[in-house]
Novice: 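Okay, here's the structure, questions in a sec.
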Amino acid sequence: MAPSSNRQLLTDRQLRSWLRCRRKAWLDRHGNPSERRWNPHRALQLADREARLQRLIGPGAAAAPSLEQLSQGQAAVRQLLLQHQELRGRPTLLLRQPGQSRLGAFSYQPALLQPGRHGTREHRLTLGFWGLLLEPLLGAPVTQGLLLDPQGGKERVQLQGSQPRQLSQALERLQQDLENRQAPPLTNDRKKCSLCAWKRSCDQVAEAEGHLSQVSGIGGKRRDLLQQLGVADRAALASSKPEWLMAQLDKRGEQRPELALELIAQAQVQETGLPQALGPGASQPLPELEQAPGVLIYDIESDPDARDDFLHGFLILRRGADGQWPAAATAPYHPLLALQDHGEARCWQRLQRLFQHHQGWPVLHYGETEAIALRRMAERQGGKTPPGLLDLHKRVRQHWRLPVDSYGLKAVAQWQGFRWSQSSAEGARCVLWWRQWRARGDRHNLERIFRYNHDDCLATWAVAQWLVAAGRDS
Ligand code: SF4
């Protein structure tokens, strides 16, 4: 990008936002701040970055960063604010290198802590951006940057060749987008929206526009394909001819062209707002519950980055003598904390005791997480997976097509009118509470986790009750 004095300041954060989603960079600058929501993922990322920085360079290096640290040749300088013309940023790390520079008989290269195993275009261009900021201080081009992965792996990134041109084009387009009065469109791959502070307002836009990404089962690639075929939105998909769409998908190499029928039917259900029973099996969706003396509703809370299933929560519903189920809100809730320091064997024993105490009771859970976790734990502990596991999500998908944009527990239970008692609670926030509790031991965070998990169990039961009742009426 050609430097010019009348351009607005561009930051590394804006560039990174833009590389993830053009709309996000625009909203960060021009969006209504009241529509912006605090996102726990960001807090988790920052905490993770801080922990990794401390491991890499020690807590002493956390002192306020200054240019003197660079001129003194400090081995690692963290988050030093740099500006060159209209570019401004804070490289996560500047690492001293052998060589010659304006600073003395040493040089520096920027390093970025990538969150996952693989570096992305966003990471490489960000290193290039930091290289541009560093260049005037070193008095020489910065030819290389470093990506550090969480497992300690390093990737050297060349900041020459085609990289400067790509970066320049990206900055030029970012500047144009920011100068535009209109927000760029929603990102194609809406999976990344779950990490974004603007998700709620973008969801409303997507719903109002009948955006194809609102149809359950349509990701970025399918949306592209449908748009190439002239199917612009959900209403157009709902009124598409099944044979035509199947033939088009077949022509374009889709392995399961019959998917067209499913997508059209799903779009129709969402357009009308009316659920649709799938076949006669819908009348008896959970036969295992009919004669059961009780049911355990099971939900796990996990910290996926730490591969830690830290809470196994159970709602214990014992059928009354009259054959009726008790009110779930008054049923006992049994949280079982799995502290890694106590070892997995102890958790496995406690789980086994619970299952044995409720022998013959189905164990109802939503999604595969619980079954997979138990199966793996049983393998590691040389035991058997407990019998009676019943995946409610599978039964919902098997018997009903619902007017929801996702078949996850949150979307389905909320569609049924269930409300979580902590309105902003979600899995990522629960992980944050867990980490805070581990660090500080405050009881309050643990109680929030239990409440959230208890609500997940209640939501699971609410969906099961709907499924049974809807089956009777179907
Ligand atoms: S919610 Fe999604 S579409 Fe909206 S700004 Fe964020 S990433 Fe982009």
Side-chain angles (χ1 to χ4, degrees), residues 8 10-46 48-49 112 114-116 118-126 129 169-228 231-235 237 267 270 304 404-408 410-411 414 423-429 431-432:
Q8 290 201 42
L10 292 182
T11 67
D12 49 357
R13 279 192 73 174
Q14 282 169 330
L15 174 67
R16 297 185 75 168
S17 289
W18 185 83
L19 289 164
R20 284 176 216 155
C21 169
R22 290 171 53 208
R23 183 182 179 87
K24 176 165 172 15
W26 190 93
L27 287 173
D28 285 347
R29 177 171 286 182
H30 304 293
N32 180 347
S34 68
E35 290 176 8
R36 191 186 181 121
R37 294 278 178 277
W38 179 82
N39 189 299
H41 291 277
R42 175 87 185 133
L44 286 170
Q45 277 169 357
L46 291 178
D48 179 58
R49 186 179 70 184
L112 183 146
Q114 67 192 44
H118 302 291
T120 62
R121 179 166 174 261
E122 175 202 323
H123 301 143
R124 294 191 177 89
L125 291 186
T126 303
F129 185 96
Q169 284 171 352
L171 291 172
E172 192 67 52
R173 291 179 56 206
L174 165 61
Q175 187 75 266
Q176 283 166 8
D177 273 351
L178 292 179
E179 283 167 11
N180 210 324
R181 282 162 171 257
Q182 288 284 326
L186 300 166
T187 178
N188 240 358
D189 178 9
R190 297 218 55 225
K191 272 193 217 129
K192 34 186 166 173
C193 298
S194 60
L195 307 179
C196 181
W198 298 100
K199 181 174 185 305
R200 197 180 293 186
S201 75
C202 288
D203 279 351
Q204 284 165 0
V205 171
E207 190 54 38
E209 287 177 356
H211 203 258
L212 279 170
S213 64
Q214 292 297 94
V215 179
S216 172
I218 297 188
K221 281 194 188 143
R222 279 187 192 149
R223 178 170 176 259
D224 277 349
L225 178 58
L226 289 168
Q227 288 197 317
Q228 283 162 23
V231 181
D233 55 22
R234 191 173 68 194
L237 177 60
Q270 286 185 237
V404 289
D405 58 14
S406 149
Y407 282 79
K410 292 272 173 327
Q414 278 175 354
S423 59
S424 57
E426 57 170 296
R429 190 172 281 226
V431 173
L432 198 61

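Each ligand, and each atom within it, is numbered from 1 in the order the structure gives. Just so it is clear, the model here is predicted, and its values are computed rather than measured.
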Novice: Any side-chain heavy atom of Val431 within less than 4.5 Å of one from Pro40?
Specialist: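 Val431 vs Pro40: side chains apart.
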Novice: Minimum heavy-atom separation for Arg23 and Cys202, please, with both atom names.
Specialist: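 Heavy-atom minimum between the residues: NE-SG, 3.2 Å.
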Novice: Give the atom numbers and elements of ligand 1 that come within less than 4.0 Å of a heavy atom of Lys199.
Specialist: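 Going through ligand 1 atom by atom, the ones under 4.0 Å from Lys199 are 1 (S).
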Novice: Going by the order shown, which atoms of ligand 1 are within less than 4.0 Å of some heavy atom of Lys24?
Specialist: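 It comes down to these atoms of ligand 1: 5 (S).
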Novice: Going through the checks in order, is the side-chain contact (heavy atoms from CB on, under 4.5 Å) test met by Trp18 and Leu178?
Specialist: CA-CA 10 Å; Trp18 185 83; Leu178 292 179; over 6 Å; no
Novice: Going by heavy atoms, is Lys192 under 4.0 Å from ligand 1?
Specialist: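 No, Lys192 has no heavy atom closer than 4.0 Å to ligand 1.
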Novice: How about Lys191: does its NZ atom have over 12 heavy atoms from other parts shown lying under 6.0 Å from it?
Specialist: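 Atom NZ in Lys191 is not crowded, with 12 or fewer foreign heavy atoms closer than 6.0 Å.
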Novice: Using a distance threshold of 2.8 Å, state whether an N, O or S atom of Cys193 lies below it from atom 2 (Fe) of ligand 1.
Specialist: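 It does: Cys193 brings an N, O or S atom closer than 2.8 Å to atom 2 (Fe) of ligand 1.
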Novice: Has Arg29 got more than 12 heavy atoms of other residues, nucleotides or ligands less than 6.0 Å from its CZ?
Specialist: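 Atom CZ in Arg29 is packed in, count exceeds 12.
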Novice: So with a 6.0 Å cut-off around CZ of Arg37, is the heavy-atom count from everything else above 12?
Specialist: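 Counting neighbours around CZ of Arg37, more than 12 heavy atoms of other residues, nucleotides or ligands fall under 6.0 Å, so yes.
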Novice: Would you say Cys196 has an N, O or S atom lying under 2.8 Å from atom 8 (Fe) of ligand 1?
Specialist: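 Under 2.8 Å: Cys196 has no N, O or S contact with atom 8 (Fe) of ligand 1.
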Novice: Give the atoms of ligand 1, by number and element, whose distance to some non-hydrogen atom of Cys202 is under 4.0 Å.
Specialist: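 Answer, ordered by atom number: 1 (S), 3 (S), 4 (Fe), 5 (S).
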Novice: Cys21 heavy atoms, cut-off 4.0 Å: which ligand 1 atoms fall inside?
Specialist: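 Ligand 1 atoms under the 4.0 Å threshold to Cys21: 3 (S), 5 (S), 7 (S), 8 (Fe).
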Novice: Could you tell me, atom by atom, which parts of ligand 1 come under 4.0 Å of a heavy atom of Thr187?
Specialist: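 Heavy-atom distances to Thr187 below 4.0 Å select 2 (Fe), 3 (S).
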